[in-house]
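Source: prediction; values computed, not measured. Values below: all heavy atoms of this structure, side chains included; hydrogens, waters and symmetry mates excluded. Reminder, nothing fancy here: chain letters follow the sequence lines and each chain counts from 1.
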Amino acid sequence: MKNTFQAPKGTRDFMPEAMAVRRYIEETWRRVSVRHGFLEVDGPTFESLELYKVKSGDEIVSQLFSFRDRGDRDLALRPEFTPTLARMVAAQAQGLPRPIKWFSIPRCYRAEQPQKGRLREFVQWNVDFLADPSPRCEQECLMLCIETLREFGLQAGDFRIGWNNRDWLTQALTSTFVAPERVGDAYFILDRLAKLDAAGRRELYAQRQCPPQEQSQFDLFAVAISSEPAAQDALAQIMDAWPQEVRDGIKAFESRLADIGLGEYCRFDLSVVRGLAYYTGFVFEVLDAKSHNRAMAGGGRYDRLIETFGGPGMPAIGFGMGDVVLEIVLRERGVLPRQLLSAPDVFVLSALPDEQPVQQVLMALRRSTWDSANQRIAQAGLHAVASYKATRNIGKLLPEAVASGAKVAVILAPEEQARRVAKIKNLVTRSEREVPLDATTLAAQVRAELQSC
RNA sequence: GUGGGUUUAGCUCAGUUGGCAGAGCACGAGGUUGUGGUCCUCGGGGUCGCGGGUUCGAGUCCCGUAAUCCACCCCA
């Protein structure tokens with residue numbers, strides 16, 4: 001390896017095929033977001049370091065790529081988009097039409113140890129619905145999230161969405177067996193319960209100094225969120241003790257989801273609490289249903305975040321979905337389209353000794369025409385390519401034309417050139433016809449041939 | 001930050017107790033200046049991740065280091 005430079009740890013090079021996959025993912029996110037009435041925004045790739053400390057505290061700083069500029073300002077590459085969004089909204093809150101439905105597709109950076117599904121540079125689709133306290137926001141976010149996964153070819157059995165509500169859960173816990181000052185510890189435990197066996201749980205209880213009555217209850221939670229047959233009974237037993245209004249709230253939300261056809265994807269899930277402190281009510285996670293990948297997406301309500309960033313009090317809900325886990329899941333399911341690099345419309349091949357005629361034909365095919373009266377492109381140029389091989393053997397060039405995916409070929413050769421014609425070959429039907437070797441006429445005839453495909 | 005696997009051609013990988021650096025695919029040229037992914041021949045390509053050490057001699061053994069994969073910690 002003569003070149004000793006490598007891409008930095010946790011980053012990716014996007015060669016044409018990989019780039020096409022990334023574009024496909026981003027374009028799908030964008031298309032479905034727009035369809036659901038969200039507007040695209042973006043912000044700076046780096047922000048002042050303080051912006052990230054406000055929300056998350058110093059602990060998080062060690063996972064940031066931070067640096068200092070020549071004016072001694074501390075800056076950091078964005079690890080997520082939400083602080084930027086909160087800053088933008090807080091600054092402009094008075095003048096924005098409401099509700100605010102925004103999405104963004106930023107590249108984000110985290111100085112973590114890379115592993116499966118987690119890199120140091122990634123693309124994360126962010127969706128936020130602000131200035132509306134109604135549960136229709138929850139619904140629309142889930143609707144968009146699910147519709148997007150379906151657009152990628154995933155089906156109900158491929159993923160599941162676990163949801164919870166921190167307000168209700170807190171109410172339920174404190175009215176049953178958790179002292180108010182221990183709610184934080186309870187969340188910490190619930191967040192990890194699904195991954196632990198009995199021994200692991202005892203260790204966790206000791207670490208968080210659980211009183212004995214908590215321990216037996218959490219053991220019951222562990223059964224309820226497991227895949228054991230007893231799970232349903234355990235869940236029913238737990239919820240029987242909960243306040244009536246909490247149980248009614250869960251039922252009502254389930255019924256709302258069922259009304260719009262999302263019932264089969266979503267399930268109330270005790271173990272989904274999300275680590276982040278700023279979530280205030282509804283929270284959810286999208287999990288891969290068939291293997292053990294990391295969460296594909298997650299989010300929730302953060303009604304107090306905008307004021308934290310100096311804006312007015314404003315209800316808000318949002319979620320994020322990263323490209324890394326998503327691509328892994330799409331590959332595992334075999335639903336990534338095979339041909340993502342766009343195939344040319346027309347392939348020009350030439351047996352002429354001079355290459356200039358090829359360039360003339362390419363120019364005519366590729367040129368767009370502008371409609372100045374209507375300020376738009378009247379006719380878009382064709383995607384036209386030619387072979388760069390040295391051979392002038394048509395028999396060798398045709399396979400290249402076919403492999404390119406082009407439906408039509410233009411063949412330039414001495415005999416035809418002498419008669420001032422070129423051949424247009426339909427690569428699908430294999431039929432050929434001769435047309436005048438005038439670049440403009442030729443381009444028109446190629447368009448006509450493409451129409452017939 | 002911790003532990004384990006891996007690193008040889010553009011890609012996927014062989015490489016024997018330490019003895020001349022290999023295959024397939026891909027790429028390029030020709031066989032065949034004129035018609036469909038075939039076939040045949042030839043070719044370009046490598047400091048064997050990087051740096052030390054042992055040895056007459058290291059892709060191979062030892063030490064260090066980087067990247068990568070997997071699992072922890074963490075996870076916005």
Novice: Taking any heavy-atom pair under 4.0 Å as a contact, classify A:Asn426: base, sugar-phosphate, or nothing.
Specialist: base

Novice: Nearest nucleotide by nearest heavy atom, which residue falls closer to the 5' end of RNA chain B, A:Val428 or A:Leu119?
Specialist: A:Val428

Novice: Using the C1' atom as the reference point in each nucleotide, state the distance between B:rC25 and B:rA14 in Å, no decimals.
Specialist: 14 Å

Novice: Heavy atoms under 4.0 Å, any strand shown: does A:Gly322 hit a base, just sugar-phosphate, or nothing?
Specialist: nothing

Novice: Need one value for A:Glu400: base, sugar-phosphate or nothing, where a base atom within 4.0 Å counts as base even if backbone is also close, heavy atoms only.
Specialist: nothing

Novice: When you get a sec, tell me which of B:rG37, B:rA67, B:rG36 is the closest nucleotide to the side chain of A:Lys9?
Specialist: B:rA67

Novice: Tell me whether A:Phe46 at atom CZ has more than 12 heavy atoms from other residues, nucleotides or ligands lying less than 6.0 Å away.
Specialist: no

Novice: Among side-chain atoms of A:Thr82 and A:Tyr302, is any donor-acceptor pair under 3.5 angstrom?
Specialist: no

Novice: Would you indicate what A:Arg12 reaches in the nucleic acid, counting non-hydrogen atoms under 4.0 angstrom: base, sugar-phosphate, or nothing?
Specialist: nothing

Novice: So does A:Arg294 get a side-chain nitrogen or oxygen closer than 4.0 Å to the phosphate oxygens (OP1/OP2) of B:rA71?
Specialist: no

Novice: Hey, does A:Ala390 reach any base, or is it just sugar-phosphate, or nothing, if we go heavy atoms under 4.0 Å?
Specialist: sugar-phosphate

Novice: B:rG24 and B:rU32: how far apart are their C1' atoms, nearest whole angstrom?
Specialist: 26 Å

Novice: Could you provide the dot-bracket string of RNA chain B, using ( ) for intrastrand pairs, [ ] for crossing pairs and | for bases paired to another strand, with Watson-Crick or G-U pairs below 3.5 Å?
Specialist: (((((((..((((.....[..)))).(((((.......))))).....(((((..]....))))))))))))....

Novice: Determine the sole option in A:Val123, A:Asp42, A:Val41, A:Ile25 for which the side-chain contact (heavy atoms from CB on, under 4.5 Å) test with A:Ile105 is passed.
Specialist: A:Val123

Novice: Measuring to OP1 and OP2 of B:rU32, would you say a side-chain N or O of A:Lys396 lies under 4.0 angstrom away?
Specialist: no

Novice: Can you find a donor-acceptor pair, distance only, under 3.5 Å between A:Asn393 side chain and B:rU33 base?
Specialist: no

Novice: Quote, to the nearest angstrom, the P distance that separates B:rG52 from B:rA58.
Specialist: 13 Å

Novice: Is A:Arg301 close enough and on-axis enough to A:Tyr279, meaning under 6.0 Å and within 45°, for cation-pi?
Specialist: no

Novice: Please determine, for the side chain of A:Ala403, which listed nucleotide (B:rG37, B:rG36, B:rG30) has the closest atom?
Specialist: B:rG37

Novice: C1' atom, B:rC27 versus B:rU65: distance in rounded Å?
Specialist: 34 Å

Novice: Taking the C1' atom in each of B:rG59 and B:rA9, what is the distance between them to the nearest angstrom?
Specialist: 14 Å

Novice: Heavy-atom contacts under 4.0 Å between residues 106-114 of chain A and RNA chain B, which residues?
Specialist: A:Arg110, A:Glu112, A:Gln113

Novice: Hey, does A:Ile411 reach any base, or is it just sugar-phosphate, or nothing, if we go heavy atoms under 4.0 Å?
Specialist: base

Novice: Heavy atoms only, 4.0 Å cut-off, all strands: where does A:Glu416 land among base, sugar-phosphate and nothing?
Specialist: base

Novice: Taking the P atom of each, how far is B:rA21 from B:rU60, in whole Å?
Specialist: 13 Å

Novice: Under 3.5 Å, is there a donor-acceptor pair between the side chain of A:Thr148 and the main chain of A:Trp29?
Specialist: no

Novice: Can you confirm if the aromatic rings of A:Trp102 and A:Phe38 lie within a centre distance of less than 6.0 Å?
Specialist: no

Novice: Would a distance-only check, ignoring hydrogens and angles, find a side-chain to backbone donor-acceptor pair under 3.5 Å from A:Arg78 to A:Arg107?
Specialist: yes

Novice: Mind checking the P distance from B:rC50 to B:rU7? Whole angstroms is fine.
Specialist: 13 Å

Novice: Specify the closest pair of heavy atoms between A:Ser350 and A:Ile394, including all atoms of both residues, with the distance to one decimal.
Specialist: C-CD1, 4.5 Å

Novice: What's the gap between B:rC42 and B:rA23 when it is taken at their P atoms, as a whole Å value?
Specialist: 12 Å

Novice: On RNA chain B, does the nearest nucleotide to A:Thr82 precede the nearest nucleotide to A:Pro414 from the 5' side, or the other way round? Give the residue.
Specialist: A:Pro414

Novice: Please determine whether a side-chain nitrogen of the Lys or Arg among A:Lys425 and A:Glu432 lies less than 4.0 Å from a carboxylate oxygen of the Asp or Glu.
Specialist: yes

Novice: Base, sugar-phosphate alone, or nothing: which one does A:Gln124 contact when heavy atoms must sit under 4.0 Å apart?
Specialist: nothing

Novice: Look at the side chain of A:Arg118 and decide which nucleotide, out of B:rU33, B:rG34, B:rC73, has an atom nearest to it.
Specialist: B:rC73

Novice: Under the 3.5 Å rule, do the base of B:rU35 and the side chain of A:Lys425 count as making a donor-acceptor pair?
Specialist: yes

Novice: Assign A:Leu427 to base, sugar-phosphate, or nothing according to its heavy-atom contacts below 4.0 angstrom with the strands shown.
Specialist: base

Novice: With no hydrogens and no angle check, just 3.5 Å: does a side-chain donor-acceptor pair link A:Gln215 and A:Tyr205?
Specialist: no

Novice: One thing to verify: whether A:Arg31 and A:Glu27 come together as a salt bridge, which I'm taking to mean a side-chain N less than 4.0 angstrom from a carboxylate O.
Specialist: no

Novice: Please pick, from B:rU35, B:rA76, B:rG37, the nucleotide with the shortest atom-to-atom distance to any side-chain atom of A:Leu398.
Specialist: B:rU35

Novice: Taking any heavy-atom pair under 4.0 Å as a contact, classify A:Pro83: base, sugar-phosphate, or nothing.
Specialist: nothing

